[in-house]
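Written below as structure tokens is the structure these notes are about.
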Amino acid sequence: MYSPASKAEMDVPTDPTSLRALIRSGRYTEQTSGLAPGRVQANLAILPADWASEFLLFCQMNPKPCPVLAVTNPGDPIFHTLGTDVDVRTDAPRYKIFRDGVVVDEPTDLQAIWRDDLVAFAIGCSFSFEEALIETGLRIRHHEQGLNVPMYVSSIDTNPTPRFSGKMVVSMRPFRPADAIRAVQVTSRYPSVHGAPVHIGLPGQIGVKDLAKPDFGDSVVVNDDELPVFWACGVTPQSVAAKAKPPLFISHHPGAMLITDLLNPQLSVL
């Protein structure tokens with residue numbers, strides 16, 4: 001039996017097929033920010049079929065936090081449009097299992113609980129536009145600090161469906177004002193991975209009381225000459241599902257994403 005290892009303890013492959021194989025073996029169970037350069041990473045949401053149609057409607061009504069990249073047929077664990085043998089049961093480093101809105105387990109694979117009625121959603125992730133930010137010369141603080149991106153449950157309401165409603169989760173990256181303007185320009189080209197920010201500066205106006213205490217991920221340094229820039233985040237379905245309380249809801253662990261074969265530039269609209 002392999003023991004999980006960190007990025008610092010192993011030579012993590014950069015190609016998506018080899019990286020998924022490493023994750024599938026259980027040898028890598030950490031966050032995936034900065035891994036598989038050039039490749040699209042995805043958030044996950046998995047629900048029984050009798051909840052899936054309404055969840056898709058929720059995503060369509062909330063495209064900023066929940067941009068859908070792909071959906072599986074009931075019982076099919078493979079994302080056929082995202083790459084070669086992308087298996088939702090094994091290919092994320094860590095998962096979260098909710099039963100009636102409560103987290104009951106955080107396994108490294110789903111093979112023991114997979115069912116024929118489960119439908120999986122791949123939802124766009126901001127890790128994709130981070131590469132574009134770096135290519136334009138901007139620096140990503142959580143990359144520099146070797147941390148996961150900080151995420152917060154905001155006071156911004158999502159557009160509700162009968163069973164799904166709640167607050168938007170946002171991710172934060174600090175930039176100096178001129179760089180924040182550039183970040184808006186760059187990320188606007190990527191609507192399928194959250195697009196432009198939803199808020200800049202004044203975190204209290206969106207219900208973020210303390211930047212040093214994220215609800216998910218890690219705290220990062222925000223310098224006095226920097227503005228916190230907030231993007232809609234694909235962890236939003238986890239917050240919404242905890243309120244909706246479906247009998248079973250499965251997600252990735254925040255920051256531990258599904259790595260696909262898609263290239264990030266394929267998602268750019270310009």
Side-chain angles (χ1 to χ4, degrees), residues 1-36 39-48 69-70 72 75-80 82-127 142 146-149 151 169 171 214-218 233-239 241-242 246-262:
M1 181 99 176
Y2 289 117
S3 297
S6 68
K7 283 185 279 191
E9 295 171 331
M10 64 163 57
D11 184 16
V12 179
T14 58
D15 72 280
T17 301
S18 298
L19 184 51
R20 286 196 299 271
L22 182 70
I23 292 169
R24 191 176 297 185
S25 73
R27 294 186 62 206
Y28 186 83
T29 61
E30 293 198 358
Q31 58 98 2
T32 56
S33 176
L35 297 188
R39 304 293 177 166
V40 173
Q41 299 191 30
N43 301 278
L44 292 177
I46 305 169
L47 306 92
L69 300 177
T72 66
D76 185 355
I78 306 299
F79 279 112
H80 298 280
L82 298 184
T84 302
D85 192 27
V86 180
D87 192 327
V88 71
R89 299 170 300 181
T90 58
D91 292 357
R94 292 172 63 192
Y95 300 85
K96 294 179 73 173
I97 299 174
F98 297 73
R99 293 192 184 276
D100 299 315
V102 178
V103 177
V104 296
D105 197 8
E106 297 189 8
T108 57
D109 71 71
L110 304 176
Q111 295 188 87
I113 67 164
W114 187 257
R115 302 182 340 201
D116 289 342
D117 68 330
L118 293 180
V119 177
F121 294 79
I123 295 171
C125 171
S126 58
F127 288 174
H142 62 274
L147 300 172
N148 194 0
V149 65
M151 294 162 271
V169 177
S171 62
D215 296 291
F216 311 98
D218 300 312
C233 178
V235 176
T236 299
Q238 298 183 31
S239 177
L248 177 64
F249 177 84
I250 304 168
S251 72
H252 64 294
H253 193 277
M257 319 302 291
L258 179 73
I259 294 170
T260 78
D261 290 351
L262 299 182

How close do [X] and [Y] get, counting heavy atoms only, and between which atoms?
| X | Y | value |
| --- | --- | --- |
| Thr32 | Gln41 | OG1-OE1, 2.5 Å |
| Pro237 | Phe249 | O-CZ, 3.8 Å |
| Pro48 | Arg115 | CG-NH2, 3.7 Å |
| Asp261 | Gly83 | OD2-CA, 3.2 Å |
| Thr84 | Arg20 | O-NH2, 3.1 Å |
| Ile113 | Arg99 | CG2-NH2, 4.5 Å |

How about [X] and [Y]: do any of their side-chain heavy atoms sit closer than 4.5 Å?
| X | Y | value |
| --- | --- | --- |
| Asp85 | Arg24 | yes |
| Val88 | Ile46 | yes |
| Thr72 | Ile78 | no |
| Leu19 | Val12 | yes |
| Leu69 | Ile123 | no |
| Tyr95 | Leu44 | yes |
| Pro107 | Lys96 | no |
| Leu118 | Leu110 | no |

Pairwise distance [atom1]([X]) to [atom2]([Y]) - rounded to 0.5 angstrom:
| X | Y | atom1 | atom2 | value |
| --- | --- | --- | --- | --- |
| Cys125 | Ile259 | SG | CD1 | 10.0 Å |
| Leu258 | Thr90 | CG | OG1 | 9.0 Å |
| Ser251 | Phe98 | OG | CZ | 4.5 Å |
| Leu248 | Ile97 | CG | CD1 | 7.0 Å |

* Can you name the salt bridge (charged side-chain N to carboxylate O under 4.0 Å, His left out) partners of Asp15, sequence neighbours left out? ->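 Asp15 satisfies salt bridge (charged side-chain N to carboxylate O under 4.0 Å, His left out) with no residue once adjacent residues are dropped.
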* Any luck finding a side-chain donor-acceptor pair between His142 and Asp218 under 3.5 Å? -> no
[X] side chain to [Y] main-chain N or O, any donor-acceptor pair under 3.5 Å?
| X | Y | value |
| --- | --- | --- |
| Ser239 | Thr236 | no |
| Trp114 | Asp76 | no |
| Thr29 | Pro93 | no |
| Asn148 | Pro254 | yes |
| Asn43 | Gly124 | yes |
| Gln238 | His252 | yes |

* Yes or no on side-chain contact (heavy atoms from CB on, under 4.5 Å) for Phe127 and Val40, after CA distance, side-chain angles and deciding distance? -> CA-CA 8 Å; Phe127 288 174; Val40 173; over 6 Å; no
* Check the pair Phe79 / Thr260 against side-chain contact (heavy atoms from CB on, under 4.5 Å), numbers first and verdict last. => CA-CA 9 Å; Phe79 279 112; Thr260 78; over 6 Å; no
* Partners of Thr14 by side-chain contact (heavy atoms from CB on, under 4.5 Å), sequence neighbours excluded? -> Pro37
* To do: Take Leu47 and Phe121 through the side-chain contact (heavy atoms from CB on, under 4.5 Å) test and state the conclusion after the steps.
  => CA-CA 9 Å; Leu47 306 92; Phe121 294 79; 4.0 Å; yes
* Asked: Can Leu262 and Leu82 be said to form a side-chain contact (heavy atoms from CB on, under 4.5 Å), step by step?
  -> CA-CA 6 Å; Leu262 299 182; Leu82 298 184; 3.7 Å; yes
* Asked: So, are Asp105 and Arg94 salt-bridged, with charged N and O less than 4.0 Å apart?
  -> no
